Every structure is written in structure tokens, then in C-alpha cells.
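If you read the sequence from its start, that first residue is 1, and numbering goes on from there. Predicted model, so just to flag it, every value in this text is computed and none were measured.
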Amino acid sequence: MTPRTTDPEDEEMHSLEQGSRGRPGQTTAARPDAAARPDAASRPDAVSLLEAASLLVPADIATENDITVNDVWEYLAHDEWEVALTLLEELGGDTDALPPGFWESLATAAEQTRLDRSAAWCRWRSHETRHGIIVRADLTLAPAATGRRRTPLPGAGVLRPLWDIGHRTATGGPDLCVAALWAEFTPSVEPGGRAVVRLAPLSPSKWRHLRPGQVITMHEDRTVAGTAVVR
């Protein structure tokens, strides 16, 4: 788990169901002058949202492929909105340098252009940024022969299973905690399958004790539905 110094704020978990690291020393060119852009009234709202998000990206942030916000402005100037959105997502990466508003602007732009998975991902990153916590883990689901689940586990943040993360009730039983689940690099996880997942806790403060290598278990009923090792 990667804790941050940001103070967590309350946020409804249903917003998650709606849907490259910084490198110092990168040079930057001047951003397009507003007078040189098409009239805002004649352009989709999504473009204005992407421009607003671009203004929040520091000039010295670059992806592993040396993409910077200057490249985003170039694509926006040529009305390549989807490419610009993808690059902004990459520039955001897992850095804490960008505020929740950056991700909210991207999410709304993605919704307006019907890019549902991008919208859901950006809402997810907004939640992580707002609460100042990222929980990543290597998850292995129980096989269909022994587990409750017979169908693939959806991976885009719509499932909110219970997790045993070490807390105990007054009687000594496990005090399970709720966290939504996002599977990286795959739309779903088959029973018995493995995936790197991100968890968005309903109560982030209860999860800050987790450390890399710690084992936690996922529950959809009283049985263990999966085992995860914190990264």
C-alpha cells in the first residue's frame, strides 16, 4: 500500500461505479494562446474539460515515452480528443502531483464522449487522490470447484466485496471491511485466475496499517473468495 499525506475526505462510493511518473528537467513550449483556438461555443464541452485538465499538469511531468503536456496541446489543436484524453490519463499515472479536479475533468469528458471505461478509471483515480491512499495487491481467486463464484469477476470497479485485513470484533471474529475492486490490464478475472488489483476502501483510515507482503482475503459470503498479497 502506498499511503500519502493527503487528508481523506468523504466521498460516495457509487461515483466509482459511474464510471508515468514525473521527470524533472523537461523543457516546455508555450501553450496555445486562447485567441488562436476555435470559439468555445462551437466546440464540445469535452474539449474545454480536457483543456482545463491540461492546465493542471506540471510541465516537468513526462511519461516513460517522453510524452508531455505539450503533446496533449498539439492533439487538442488538431481535434484528436480521444488521443489527448489517453495521454492525460498516462501523464496522471499514479502520481500525487495532480488534484482530484484533474481526474474529475477527465471523467466528465470521457462520459461525454461515451468512453465508459476511461470515465470509470478517472473516477477511480479521483477517489484515490482525494483520500490519499492507493492499495494494490496480487489477487488469486478461488477456483470454481471450491469457491462460490462461477462467473468472471468484473474488474472495472463495480464490485464491492468484503475484505479481512486483520481487524477483529469485540468477540474476536474478523471485522470485515468494504472496498471496491479494479483489476488492472483486464476487464475481468476468471475463477481461479490471478490479477493485479486496486482497492478503493469505503473507510480508508482502516486500511493505512497495511504493508507490502501482507496477506488479506476477499469475501463474497462467509467463505474465502480470493487471497491477495499487498504490493
Side-chain angles (χ1 to χ4, degrees), residues 9 11-20 31-32 34 36-57 61-65 67-131 134 136 139 151-161 179-190 193 195-200 202:
E9 302 175 10
E11 182 179 66
E12 294 182 359
M13 291 293 291
H14 76 269
S15 66
L16 297 177
E17 300 176 7
Q18 301 175 8
S20 326
R31 292 173 177 173
R37 304 175 196 168
D39 180 68
S42 67
R43 303 157 71 247
D45 290 342
V47 178
S48 298
L49 288 164
L50 293 176
E51 289 179 345
S54 298
L55 290 170
L56 296 174
V57 180
I61 287 183
T63 68
E64 293 180 355
N65 297 322
I67 297 296
T68 71
V69 71
N70 294 319
D71 298 291
V72 175
W73 286 112
E74 287 292 328
Y75 281 108
L76 287 174
H78 292 86
D79 291 333
E80 296 285 351
W81 311 328
E82 291 187 21
V83 177
L85 173 60
T86 299
L87 294 182
L88 285 169
E89 289 180 21
E90 292 181 9
L91 285 166
D94 285 332
T95 180
D96 58 1
L98 301 176
F102 168 83
W103 294 105
E104 289 297 324
S105 292
L106 295 191
T108 304
E111 289 167 355
Q112 292 182 0
T113 51
R114 299 182 180 180
L115 299 173
D116 294 339
R117 188 171 176 86
S118 283
W121 170 244
C122 293
R123 297 284 181 202
W124 185 279
R125 287 292 291 121
S126 175
H127 179 273
E128 288 181 332
T129 304
R130 189 179 306 279
H131 288 276
I134 295 177
R136 298 178 73 234
L139 173 68
T151 58
L153 182 148
V158 299
L159 188 69
R160 292 184 285 175
L181 180 150
W182 184 285
E184 297 185 356
F185 314 117
T186 181
S188 61
V189 187
E190 296 286 340
V196 178
V197 299
R198 303 170 84 104
L199 306 178
L202 179 63

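Formation of a donor-acceptor pair under 3.5 Å by the Arg125 side chain with backbone atoms of Gly93 is found in this model. Remark: the backbone N or O of Cys122 is not paired with any side-chain donor or acceptor of Ser126 at under 3.5 angstrom.
Using a 4.5 Å cut-off on side-chain heavy atoms (C-beta onward), Trp182 and Leu199 make no contact. Within the 4.5 Å cutoff, side-chain heavy atoms of Glu51 are placed close to those of Trp73. Taking 4.5 Å as the limit, some side-chain heavy atom of Leu49 sits within range of a side-chain heavy atom of Gln112. Counting only heavy atoms from C-beta outward, the side chains of Leu139 and Leu181 approach each other to under 4.5 Å. With a 4.5 Å cut-off on side-chain heavy atoms, Leu98 and Thr129 do not count as touching. Side-chain contact between Ser105 and Leu50 is absent, with no heavy atoms from C-beta onward closer than 4.5 Å. Considering only heavy atoms from C-beta on, Trp103 stays 4.5 Å or farther from Arg123 through its side chain. Between Leu159 and Leu153, the closest side-chain pair of non-hydrogen atoms falls below 4.5 Å.
When all heavy atoms are compared, the tightest approach of Arg117 to Thr186 is NH2-O, 3.4 Å. Taking each heavy atom of Trp124 and Ala180 in turn, the nearest pair found is CH2-O, 3.4 Å.
Checked by atom type, the side-chain pair Glu82/Thr113 shows no donor-acceptor distance below 3.5 Å.
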**Asked** Would Leu91 and Val72 count as a side chain to side chain contact (heavy atoms under 4.5 Å, CB included) if you check the C-alpha gap in whole Å, the side-chain angles of each, and the deciding distance to 0.1 Å?
**Response** CA-CA 10 Å; Leu91 285 166; Val72 175; 3.8 Å; yes

**Message:** Could you go through Glu128 and Arg198, starting from their C-alpha distance and side-chain angles, then the distance that decides it, and tell me whether this counts as salt bridge (Lys or Arg N to Asp or Glu O under 4.0 Å)?
**Reply:** CA-CA 10 Å; Glu128 288 181 332; Arg198 303 170 84 104; 2.9 Å; yes

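How far CD of Glu74 is from CG of Leu87: 11.5 Å, rounded to the nearest 0.5 Å. Residue Glu90 holds its CD atom at 7.0 Å from OG1 of Thr86, rounded to the nearest 0.5 Å. Rounded to the nearest 0.5 angstrom, Leu106 CG and Ser54 OG are separated by 8.0 Å. Expressed to the nearest 0.5 Å, how far CG of Leu88 lies from CG of Leu76 amounts to 7.0 Å.
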